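Fair warning: this is a prediction, and the values are worked out from it, not measured in the lab. Lettering of chains follows the sequences in order, A, B, ..., and the numbering in each one begins at 1.
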Amino acid sequence: MTIDAYVLTDWFAEKARDLPWRRPDCSAWGVLVSEIMLQQTPVARVEPSWHEWLARWPVPSALAAATPADVLRMWGKLGYPRRALRLRDAATVIAEQHDDVVPSDVDTLLALPGIGAYTARAVAAFAYRKRCPVVDTNVRRVIARAVHGAGDAGPASNTRDMADAEKLLPADDEQAARMSAALMELGAIVCTARNPRCADCPVYDSCAWQLAGKPAYAGPAKPVQKFAGTDRQVRGLLLDVLRDTSTPVPKTRLDVVWSDAGQRDRCLDSLLVDGLVEQTTDGLFALPGEH
DNA sequence: CATCCGTGGGC
DNA sequence: TGCCCAAGGAT
């Protein structure tokens, strides 16, 4: 089974959300910033931050000139703050080696920190309107259902998933870019993981999953990530303290956030290693680069 | 390939 | 209410 590109892109033109990074006047830098922020963070929480970032840092060189501390504060609670540092690192490379222009070539994009298989192709497709497969969790689910008739996508296989997506793209670059966006949008607002809105689906009639009677997902169980009590939670609590202070703090200020001293110290060490925290010469702790 | 890396909202 | 999920990437 396949997915009709005309039907899906027509649906996209009529029903897609009006997101700022999709507007024709949005820069490639704006697209890149959005893609990084959207890695594991929902659209609703990204949108306000995206506007603030683009207003403050409208070009890569502007972000490259900011301190990591400023960048981490602007990142706020979007989560996975290493993304913010890598985006700043990527901006530095773009400013210094690419004349402050976000690359359009997938392999060049892949060489930038924090940019992987998905983001590189998303920038090429959405910012530069290229025909290249864009595979995220939404596209994988849509293809699993509409094409393969499965209830959900199994474990990711980059090569296979990209080949599947590529087959769905029209030959024309612009039409292919629209198709890539439409596949993602369908997965995001109609063909959702839980409670898919099949009544609103533009390709319902040809959906292999629907035609098969919507069988339940039969593949291996997906690993569930715990959060409460993990290092991830503790690191978040430690960073929370440092984001909210303008001056370096003694370790005692960090010790109060978690009772397990061993875990607390391990997390602080890992934050130092990751470059998310810095220790001053007098032994105080702060976000990097603000003293 | 599995695991780790934050955070919050919906059901 | 606990659990699942959200435009992934690096190791």
Under 4.0 Å, counting only non-hydrogen atoms across every strand here, what does A/Arg17 touch: a base, just sugar-phosphate, or nothing?
base
Mind checking A/Ile115 for me? I need base, sugar-phosphate or nothing, with any heavy atom below 4.0 Å counting as a touch.
sugar-phosphate
Just checking A/Leu19: base, sugar-phosphate only, or nothing, at a heavy-atom cut-off of under 4.0 Å?
base
Under 4.0 Å, heavy atoms only, any strand: does A/Ala193 hit a base, just the sugar-phosphate, or nothing?
sugar-phosphate
Spacing of A/Arg121 atom CZ relative to C/dG9 atom P, expressed in whole Å
10 Å
Could you give the distance separating B/dG8 and C/dG9 at their P atoms, to the nearest angstrom?
23 Å
Check whether A/Arg45 reaches the backbone of A/Lys77 with its side chain - one donor and one acceptor, N or O, closer than 3.5 Å.
yes
Apply the hydrophobic cluster definition, ILVMFWY joined by side-chain contacts under 4.5 Å directly or through others, and give me every member besides A/Tyr80.
none
Which part of the nucleic acid does A/Trp21 contact within heavy-atom distance under 4.0 Å: base, sugar-phosphate only, or nothing?
base
What nucleic acid atoms does A/Thr119 come within less than 4.0 Å of, heavy atoms only: base, sugar-phosphate, or nothing?
sugar-phosphate
In whole angstrom, what separates A/Leu109's CG from C/dG9's C1'?
15 Å
Quick one: on DNA chain B, does A/Gln225 or A/Asn195 contact a more 5' nucleotide (nearest heavy atom)?
A/Gln225
When you compare C/dC4 with B/dT3, how far apart are their P atoms, in angstrom units rounded to a whole number?
16 Å
Check every strand shown and say whether A/Asp274 touches a base, only sugar-phosphate, or nothing at a heavy-atom separation below 4.0 Å.
nothing
Round to a whole Å and report the spacing from CZ of A/Arg140 to P of C/dG8.
10 Å
Applying side-chain contact (heavy atoms from CB on, under 4.5 Å) to A/Gln233 and not counting sequence neighbours gives A/Phe227, A/Ala228, A/Thr230, A/Leu237, A/Trp258
Identify the 5'-most and 3'-most nucleotides of DNA chain B with at least one atom closer than 4.0 Å to a non-hydrogen atom of chain A.
B/dC4 to B/dG10
Would you kindly give the CG-to-P distance between A/Leu78 and C/dG8, to the nearest whole Å?
14 Å
I need the full list of salt bridge (Lys or Arg N to Asp or Glu O under 4.0 Å) pairs touching residues 83-108 of chain A, with sequence neighbours left out, sorted by first then second residue.
none
A/Asn158 has an atom CG; how far is it from atom C1' of C/dG9, in whole Å?
11 Å
Please measure how far the P atom in B/dC11 lies from the corresponding atom in C/dA7, and state the result in whole Å.
15 Å
Quick check on side-chain contact (heavy atoms from CB on, under 4.5 Å): which of A/Thr137, A/Ile3, A/Val203 does A/Val142 satisfy it with?
A/Ile3
A/Trp53 and A/Trp75: aromatic ring centres closer than 6.0 Å?
yes
Please classify the nucleic acid contact of A/Thr137 as base, sugar-phosphate, or nothing, using heavy-atom distances under 4.0 Å.
sugar-phosphate
What does A/Val46 touch in the nucleic acid at a heavy-atom separation under 4.0 angstrom: a base, only the sugar-phosphate, or nothing?
nothing
Using a 4.0 Å heavy-atom cut-off, does A/Arg194 contact any base of the nucleic acid, only the sugar-phosphate backbone, or nothing at all?
base
Which heavy atom of A/Arg145 sits nearest a heavy atom of A/Cys191, and at what distance?
NH1-SG, 3.3 Å
Specify the separation, in whole Å, of atom CH2 of A/Trp50 and atom C1' of C/dA7.
15 Å
Please classify the nucleic acid contact of A/Pro81 as base, sugar-phosphate, or nothing, using heavy-atom distances under 4.0 Å.
sugar-phosphate
Pick base, sugar-phosphate or nothing for A/Arg266, based on heavy-atom distances below 4.0 Å to the nucleic acid.
nothing
Reading DNA chain C from 5' onward, which residue's closest nucleotide shows up sooner: A/Glu185 or A/Leu112?
A/Glu185
Protein-nucleotide distance (A/Glu35, atom CD; C/dG9, atom C1'), rounded to Å:
14 Å
List the atom pairs, with distances to 0.1 Å, where a side-chain N or O of residues 156-164 of chain A and a protein N or O form a donor-acceptor pair under 3.5 Å, not counting sequence neighbours.
| residue | atom | partner | partner atom | Å |
| --- | --- | --- | --- | --- |
| A/Arg160 | NH2 | A/Pro155 | O | 3.2 |
| A/Asp161 | OD2 | A/Ser157 | N | 3.0 |
| A/Asp164 | OD2 | A/His148 | NE2 | 3.0 |

Which residue lies toward the 5' end of DNA chain B, A/Arg243 or A/Ala156, if each is placed at its nearest nucleotide?
A/Ala156
Using the side-chain contact (heavy atoms from CB on, under 4.5 Å) criterion, which residues pair with A/Leu19? Sequence neighbours excluded.
A/Arg17, A/Trp21, A/Arg22, A/Val43, A/Glu47
Using the side-chain heavy atoms of A/Gln39, tell me which of these nucleotides is nearest: C/dA6, C/dA7, C/dG9.
C/dG9
Could you check whether A/Arg141 gets within reach of a base, just the sugar-phosphate, or nothing at all, counting any heavy atom under 4.0 Å?
sugar-phosphate
If you look at every strand shown and take non-hydrogen atoms under 4.0 Å, does A/Gly79 touch a base, only sugar-phosphate, or nothing?
base
Atom OH of A/Tyr217 and atom C1' of C/dC4: how far apart are they, to the nearest Å?
14 Å
